[in-house]
**Student:** 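Handing you a structure now.
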Amino acid sequence: MKEFPNKYKPAQAESECLDRWAKDEAFKWDPTAPADSDYVIDTPPPTVSGALHIGHIYSYTQADILARYFRMSGRNVLYPIGWDDNGLPTERLVEKVKKVRGGTMAREEFVALCREVIPPYEQQFRDLFGRIGLSVDWSREYQTISDESRTISQMSFLDLHEKGLLERRLEPTLWDPADRTAIAQAEVEEIEREGKLNQIPFQIEGGGEPAVIATTRPELIGGCGALMIHPEHPRAKELVGKRAISPLYNVPVPIIADEAVDPEKGTGIVMCCTFGDVQDINWFRAHRLPLRVVIDRAGKMKETLEIGSDDWPTLDLARAQSTIEALAGLKAEKAKAQILEILKDEGLLLKQDTTHQVVPVAERSGAPLEIIVTPQWFIKTLEYKDQILEKGREITWRPEYMRQRFESWVEGLKWDWSISRQRHFGVPLPVWYSKRAGEEGRIIVPGADELPVDPTTDLPKGYEAHEVEGERDVMDTWATSSVSPQLNTRAISETYAVGDYETHKRLFPMALRPQAHEIIRTWAFYTIVKALHHERAIPWKNIAISGWCLASDGSKMSKSKGNVIDPIKLLDEHGSDVVRYWTGTSRLGHDTALSPNTLGQGKRLVNKLWNAVKLAHMSLSGTSITPTSARADLEAGHIVHPLDKWLLGRLSETVKRASEAFEDYEYAQALRVAEDFFWRTYCDNYLEMVKHRTRFEGEPDAGERSALYTLHHASVTLIRLFAPFTPYVTDVLNDIMLGNDTTDPRTVHARGEWPRQDDQIDPDALRARGDTFVAILAAARKVKSELQVSMRAEVESLTISGGEGDIETLIGETVEDIKAVTNARQILRAEHAPDGAPSALSPDERFTVTLTMVPAAEEG
RNA sequence: GGGCGCGUAGCUCAGUUGGUUAGAGCACUACGUUGACAUCGUAGGGGUCACAAGUUCGAAUCUUGUCGCGCCCA
C-alpha cells in the first residue's frame, strides 16, 4: 500500500495527473474497438481571439463531465479539440493588437501578422482547457486554418457548389461598412434607440396636395424609386398611378399601392429606396423598381450618381447635382444631419417626431448596417427551412425547450447564408473566374486532389495567369467551423474525403454536440445546414445546451460592469476539482450564478472524500484481503455483517440512480445522489458504525474482515462516482488505493471504470435493519445533544421501548455495534420507557430511546 | 408585439409522470474536540412553494389568468 499524504494538495495533484494522462494517452479513441461502442463528441472549437472567460470553464467542463462518465461507463469516447483561429473575429483582434487596418494593408503582410499574433492566444486556451481537466484526445488537436482544415472546408464548398446549393449572386446583401464586408443574418444584432421620424413632402406631378412621407433615413431620398401607400389609405385612390417628385433631387417616382405599408405608422406613406431595409428589397423585386445606390461600401454617400440618365431621370439636374455635392463622402449619420438641415432651410421638413427604433448593427463592429448590392456566395437556406426544421426535430435537445430557439431562428430567416467575406485571413473560396475569350466570367473550381488552393496565387489546371482572375474573398469563419464534425471524420462525402470514408461513416452522425445557448443560431444552425446539404443527415444525435455563468449577484458578467472574474485566478484560488464541482451542480440549460457557497461546498466535499478514503486506507493498509467485487465477496462469504450488507445495498442503489441520471445527461442529479449517500449514509453513519470493527490487534475475525472488504468496496466505488466531477482528487485517491504492487496503473477515468451494476449487491439488502440502526443512533444522539454531553459520554444502559416486536429481530445481530457507537454498556428492550431518564423519539417515531448515563465520576 | 425559461427558507438551489409532516448546503442559535476530517460533528429555529381562480379525495407539481425577472425572435 502507498503512503497516504495527510492533506490533499490540488496544485501538485493537477500537475501529476496531467503529466500521467498525457504520458499514457489516457483519453485516446480506440479505432480497433467495436463501432457500436463509439461515443463521438463534436466539441466546438473556440474562437481563440476571444478573451478567456469563465463561461469557457463552465460550458466545456459540463461537456467533460459527460465525456468522462460515458468513457467510464464503457463507451469508446472520441473527444476531439480544435481552435478556430481565423476569420473576422481573429482579424479584429490582430487589428487591435497591432494597431493596423487589414483593409489598407497588403494581404500577405496582414496574413503574416495574423499568424504571428495568434499562437500565444491559442496557447492560453490550450493551457486553460488542459488545466480544467478536459479529457480530450490531444493527439487530434486541430486548427480551422490548417492545410487539412482548409482542404475539408473547400471540399464542403465544392460539394455544395456541385449540388447547386451554393451559388454566386449579385444582389442586395447585408453589409458592415466598418469592416467593409458582407455579413450573414446571424451576425446582425438589433439595438434599440431613439430616432427621429421625419415628415417630408413629395410634390405630385401635375399638381395637387403633396404626398407626405415619413422616414427615419432621409439621407436615402436620392435612392428613392417609388412611394408606397396602403390601398386603404384615404389618399390612395387619388394618388396611386400618379408620380411624385422627390425633393432636392427632383426625380419623378411612381406611387404604388401595397398592403405591406403600415397605415398606422407615420403618415401611412413611405418611400422605397435601394435599400433601407428588407421590405425595400421585397418592393424592389415585386414592383421591378430601378436600382439607385447612393451609399458606397464604406457607408459613405457616393461622390457621383448616374442621375440624369434614362433610368434615373431628374426634372432639375443642377439641383440634383448640388445635393449630391453637399452630401458627397459623408457617412450616413452625418449625411442624415446635413440633409435634414437643407430640408429644414427649404421648409421641407414638415414635422419631426421622436420615435423608438430598432437599428440593425453588425454584431462584431457595432456599425449600423447597410444593404448594398454586391456579388456574394450564398448557401441556400430559405428554400430548405422545412427540411432544416425537420433535422432539428431528429436531434434530441437537452434540455428539450432549447429547440424552440432553433426553430424560431429558422422560421425567422430572411436571407440565404452569405459565406463570402471581403477580408484577408480565412479559408479562400476555391474559385477562379475565366478571362479566356468566349468564356468570360465562367466559374472555374479545382478538383478535390488539388486542394487546398489559394486562387490568388494558384492557377486552375490548363489556365495561365492572364486567363483567370482568382477569387479574393475568404470564407465566413462559420463556414469552416460548421464542418467541425467533418474536420474530425476527415471527409465531407464519399467523393470529398481526405481520410478513409469508412471512418466518416462510422463516426458520423456524432453522439453529442455540447455548446452554449448564444450560438444556437450560428454554430448549431450552420452545422445542421451543412449536414443536411452534404449528406441529408443530422450532424449529431444529441445537443446539450449549457447555460451562462452569471456574476454572484445573478447579473450578467461584462467588462463594462467590471464584474468579470478571471478564470485563471478562480482556478488558482480554488483548484480545478472545486471549480468543476461548481459547474457540475447546475443543470444543462440553466444559467448559474458564480456562488462562493457552492465553491465552499465543493471544497468541503473534496476534503471529506480525501479523509473518508484515508480512514478506510488506515484500516486496510497492512492487511492482506484480496477484494474482487462486492457481489463476489458477498457470495464468497467475505462480507457477512448485516450493516456491511446494508451499506453496500444502499451504495448499489446510489450507483444505479447516478447511472440513470447520467444516461439522461442529468449529471447534476447524479452528483446530488452521490453526495447525499456519501455524506449522510456513509460518513455520518456507516463510518461511525464500523469504526469499532476496524480496531483489532493481530488477525481480523470474520466481522472485522467483513468491515475491511466493505470499506474497500465503498471507497473505490465512491471514488468512481465522483470521478467525472473531481477528476484530480479521485485519480490520486484511486492511485493510492491501488497500491504499489499493481501492474496496471490505470487511471480511474479509463474506459469501463464506472461501477458495474452486476458487481453490486441487492439494493434492498437488509434495508430495514440498517435504517433501524440509524434511527436508534439518531435518537441516542438527540438525547446526548440535549444533555449537552459529548457523543462519547458513557451510557450505563440504552433502552429501546415501544415499537413493533420486529425491532428485536432488526437489532438482534447488531447489539455489539449499537453498544460501540453509542458507548453503552448494555442495550435493553422494554415495553415502556423507564421513568426519570432522558429519552428521545426515533425520527421515524416508531420507538423511544432512553439513556441512563454513567455518572461522570465513574467514567473511565 | 410573439415565444421560451424562471419566481420554493435570509442566500444559492433540489424537488422526474399529482400522493404522508416541502428538502440540501451556506448563514443563524445552542452544544460537542469523538482515534478520517474543526475544510468536522450533533441538535435546533426558519417557508401561505410570486399572486388569484379552477380541475382533483389530494396541487410546489396540472389548467387559466395576473404580476415580477431573464433570455430568444420581431
Side-chain angles (χ1 to χ4, degrees), chain A residues 4 6-8 185-186 188-190 192 277-278 356 358 360 397 399-414 516-521 545 547-548 550 552-556 574-575 578 581-582 585-587 589-619 657 660-661 664 666 668-669 671-673 675-676 679-680 682-685 687-688 690-692 694-695 711 715 733 777-794 820-823 840 843-845:
Chain A
F4 209 114
N6 199 41
K7 295 247 178 202
Y8 173 57
Q185 188 178 345
V188 177
E189 195 180 348
E190 288 181 330
E192 296 184 20
D277 57 20
V278 173
H356 186 74
V358 177
W397 292 70
E400 156 66 28
Y401 61 77
M402 283 294 177
R403 183 175 50 226
Q404 195 60 41
R405 294 219 188 168
F406 173 74
E407 296 200 347
S408 65
W409 171 252
V410 174
E411 282 159 5
L413 279 177
K414 291 194 169 59
H517 56 57
E518 80 272 19
I519 50 177
I520 289 175
R521 70 177 186 177
I545 307 290
W548 269 349
L550 307 173
S552 35
D553 62 355
S555 67
K556 224 162 150 178
H574 300 281
V578 169
Y581 170 89
W582 159 69
T585 57
S586 84
R587 294 180 302 159
H590 282 57
D591 296 347
T592 296
L594 180 60
S595 148
N597 276 352
T598 310
L599 290 166
Q601 208 171 327
K603 191 175 177 186
R604 295 190 322 121
L605 176 70
V606 168
N607 177 61
K608 191 81 170 175
L609 188 62
W610 181 265
N611 283 293
V613 175
K614 184 163 80 180
L615 176 65
H617 186 266
M618 278 169 59
S619 305
R657 290 172 61 196
E660 285 167 359
D664 268 346
E666 294 282 357
Q669 172 79 357
L671 176 57
R672 187 172 289 274
V673 164
E675 224 180 342
D676 186 63
W679 218 280
R680 306 174 165 285
Y682 187 68
C683 293
D684 290 354
N685 286 299
L687 287 182
E688 295 306 319
V690 81
K691 269 177 187 168
H692 76 102
T694 64
R695 294 167 197 151
L711 285 170
S715 297
L733 288 172
L777 184 51
R781 280 169 171 163
K782 193 166 178 179
V783 176
K784 287 188 175 177
S785 178
E786 277 164 8
L787 291 173
Q788 302 196 344
V789 297
S790 154
M791 290 302 135
R792 293 305 304 159
E794 224 179 326
V821 182
T822 58
N823 207 19
D844 57 10
E845 300 185 350

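Treat the numbers as computed from the prediction; the structure is a model and nothing was measured. Order of the sequence lines fixes the chain letters, A, B, ..., with proteins taken first and strands second; residue numbering starts at 1 for each chain.
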**Student:** Is any side-chain N or O of A:R792 closer than 4.0 Å to OP1 or OP2 of B:G32?
**Tutor:**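 Negative; the distance criterion is not met.
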**Student:** Any strand counts, and the cut-off is 3.5 Å on both contacts for Watson-Crick or G-U wobble. Which nucleotide pairs with B:G1?
**Tutor:**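 Here B:G1 is engaged in a pair, and the nucleotide opposite it is B:C73.
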**Student:** Without decimals, in angstroms, what is the distance between A:E688 CD and B:C40 P?
**Tutor:** 15 Å
**Student:** Using the P atom in both, what is the distance from B:G32 to B:U12, to the nearest Å?
**Tutor:** 33 Å
**Student:** Taking the C1' atom of each, how far is B:C6 from B:C51, in whole Å?
**Tutor:** 16 Å
**Student:** So what does A:D676 hit on the nucleic acid, given a heavy-atom distance under 4.0 Å: a base, only sugar-phosphate, or nothing?
**Tutor:**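 No contact.
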**Student:** For nucleotides B:G5 and B:A38, find the distance between their P atoms and express it as a whole number of Å.
**Tutor:** 46 Å
**Student:** Between B:G44 and B:G23, how far is it from one P atom to the other, in whole Å?
**Tutor:**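 Looking at atom P only, B:G44 and B:G23 are 13 Å apart.
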**Student:** What is the nucleic acid contact for A:I520, judged by heavy atoms within less than 4.0 Å: base, sugar-phosphate only, or nothing?
**Tutor:** nothing
**Student:** Please state the P separation for the pair B:A74 and B:A59 - nearest whole angstrom.
**Tutor:**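 The same atom, P, in both gives a distance of 43 Å.
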**Student:** Please determine, for the side chain of A:K603, which listed nucleotide (B:C40, B:A43, B:U39) has the closest atom?
**Tutor:** B:U39
**Student:** Would you say A:W679 places a side-chain N or O within less than 4.0 Å of OP1 or OP2 belonging to B:G41?
**Tutor:**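 For B:G41, OP1/OP2 do have a side-chain N/O of A:W679 under 4.0 Å.
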**Student:** Specify the separation, in whole Å, of atom CG of A:N685 and atom C1' of B:U34.
**Tutor:** 15 Å
**Student:** Say you pick atom C1' in B:U64 and the same atom in B:A24; how far apart are they, in whole Å?
**Tutor:**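 One C1' to the other, the span is 33 Å.
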**Student:** Take atom P in B:U17 and the same atom in B:C26, then report the distance between them in whole Å.
**Tutor:** 28 Å
**Student:** Are any of A:K784's side-chain N or O atoms less than 4.0 Å away from OP1 or OP2 of B:G41?
**Tutor:** no
**Student:** Pairing check on B:C37: which nucleotide meets the Watson-Crick or G-U wobble criteria with it, both distances under 3.5 Å?
**Tutor:**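 Looking at the geometry, B:C37 pairs with no nucleotide.
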**Student:** Compare side-chain N and O positions of A:Q669 against OP1 and OP2 of B:C13 and report whether any pair is under 4.0 Å apart.
**Tutor:**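 No, no such contact exists.
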**Student:** Distance check needed: B:U33 P versus A:N823 CG, whole Å only.
**Tutor:**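 After rounding, the reported distance stands at 13 Å.
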**Student:** Considering Watson-Crick and G-U wobble pairs with both distances under 3.5 Å, what does B:A22 pair with?
**Tutor:**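 When the pairing criteria are applied, nothing turns out to pair with B:A22, so the answer is none.
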**Student:** Considering Watson-Crick and G-U wobble pairs with both distances under 3.5 Å, what does B:U63 pair with?
**Tutor:**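 Base partner found: B:A53.
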**Student:** Of the options B:A43, B:A74, B:C4, whose atoms approach the side-chain atoms of A:Q404 most closely?
**Tutor:** B:C4
**Student:** Which one, B:C72, B:G41, B:C4, comes nearest to the side chain of A:K608?
**Tutor:** B:G41
**Student:** Regarding A:S555 and A:D553, do their side chains bring together a donor and an acceptor under 3.5 Å, going by distance alone?
**Tutor:** yes
**Student:** One pair to check against side-chain contact (heavy atoms from CB on, under 4.5 Å): A:L671 and A:Y581. What are the steps and the verdict?
**Tutor:** CA-CA 9 Å; A:L671 176 57; A:Y581 170 89; 3.8 Å; yes
**Student:** Of the nucleotides B:A36, B:A74, B:G25, which has the atom closest to the A:E192 side chain?
**Tutor:**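 The closest nucleotide is B:A74.
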**Student:** Using OP1 and OP2 only, check whether a side-chain N or O of A:R604 sits under 4.0 Å from B:C40.
**Tutor:** yes
**Student:** Does the side chain of A:K603 come within less than 4.5 Å of A:H574's, by heavy atoms?
**Tutor:**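 No, side chains not in contact.
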**Student:** Is any side-chain nitrogen or oxygen of A:R587 closer than 4.0 Å to OP1 or OP2 of B:G15?
**Tutor:**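 Answer yes for this pair, as a side-chain N or O of A:R587 is under 4.0 Å from OP1 or OP2.
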**Student:** Who is the Watson-Crick or G-U wobble partner of B:U42, with both distances under 3.5 Å?
**Tutor:** B:A30
**Student:** Is the distance from OP1 or OP2 of B:G23 to the nearest side-chain N or O of A:R680 less than 4.0 Å?
**Tutor:**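 No, outside the criterion.
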**Student:** Where do A:N607 and A:Y8 land on the side-chain contact (heavy atoms from CB on, under 4.5 Å) test, with the steps shown first?
**Tutor:** CA-CA 7 Å; A:N607 177 61; A:Y8 173 57; over 6 Å; no
**Student:** In the strands shown, is B:A14 matched to any nucleotide by a Watson-Crick or G-U wobble pair with both distances under 3.5 Å, and which?
**Tutor:**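 Pairing partner: none.
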**Student:** Write down the distance between CH2 (A:W409) and P (B:C72), rounded to a whole number of angstrom.
**Tutor:**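 Atom-to-atom, A:W409 to B:C72, this comes out as 12 Å.
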**Student:** In whole angstroms, how far is the C1' atom of B:A14 from the CG atom of A:D664?
**Tutor:** 16 Å
**Student:** Quick one: on RNA chain B, does A:K7 or A:H590 contact a more 5' nucleotide (nearest heavy atom)?
**Tutor:**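 Final value for this comparison: A:H590.
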**Student:** Reckon A:K614 touches a base, only the sugar-phosphate, or nothing at all at heavy-atom distances under 4.0 Å?
**Tutor:**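 Contact class for A:K614: sugar-phosphate only.
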**Student:** Between A:Q185 and A:K414 (side chain of the first, backbone of the second, donor and acceptor by atom type, cut-off under 3.5 Å), is there such a pair?
**Tutor:**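 At least one qualifying donor-acceptor pair exists.
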**Student:** Can you tell which of B:A36, B:C11, B:G32 lies closest to the side chain of A:K691?
**Tutor:**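 Taking heavy atoms from C-beta onward, the closest nucleotide is B:A36.
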**Student:** What's the closest nucleotide to the A:K556 side chain, out of B:G25, B:C71, B:A30?
**Tutor:**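 Nucleotide nearest to A:K556's side chain: B:C71.
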**Student:** Considering only the C1' atoms, how many Å lie between B:C49 and B:U8, rounded to the nearest integer?
**Tutor:** 4 Å
**Student:** Tell me whether the side-chain N/O atoms of A:R521 come closer than 4.0 Å to OP1 or OP2 in B:C73.
**Tutor:**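 Yes.
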**Student:** Of the nucleotides B:A14, B:U21, B:A36, which one has an atom closest to the side chain of A:R672?
**Tutor:** B:A14
**Student:** Among B:A36, B:C4, B:U42, which is the nearest nucleotide to the side chain of A:N611?
**Tutor:**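 Out of B:A36, B:C4, B:U42, the nucleotide with an atom closest to A:N611's side chain is B:A36.
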**Student:** Kindly say whether A:T822 contributes a backbone atom to a donor-acceptor pair with the side chain of A:K784 at under 3.5 angstrom?
**Tutor:** yes
**Student:** Round to the nearest Å and state the distance from A:E660 atom CD to B:U16 atom C1'.
**Tutor:** 11 Å
**Student:** What integer distance in Å separates A:R405:CZ from B:C72:P?
**Tutor:**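 A:R405 atom CZ is separated from B:C72 atom P by 6 Å.
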**Student:** In whole angstrom, what separates A:L594's CG from B:C13's P?
**Tutor:**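 Those two atoms, CG and P, are 11 Å apart.
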**Student:** Could you check whether the rings of A:H517 and A:W548 sit parallel, tilted or perpendicular, using 30° and 60° as the cut-offs?
**Tutor:**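 Tilted.
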**Student:** Assign A:K782 to base, sugar-phosphate, or nothing according to its heavy-atom contacts below 4.0 angstrom with the strands shown.
**Tutor:** sugar-phosphate
**Student:** Nearest-nucleotide wise, let me know which of A:E845 and A:V613 is further upstream toward the 5' end of RNA chain B.
**Tutor:** A:E845
**Student:** With both distances under 3.5 angstrom, what nucleotide forms a Watson-Crick or G-U wobble pair with B:G68?
**Tutor:** B:C6
**Student:** Under the 6.0 Å and 45° cation-pi test, does A:K608 pair with A:W679?
**Tutor:** yes
**Student:** Scan A:M402 against the nucleic acid and name what it touches under 4.0 Å (heavy atoms): base, sugar-phosphate only, or nothing.
**Tutor:** nothing
**Student:** Show the nearest heavy-atom pair for residues A:A778 and A:P843, with the distance to one decimal.
**Tutor:**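 What the structure gives for the nearest pair is CB-CG, 3.7 Å.
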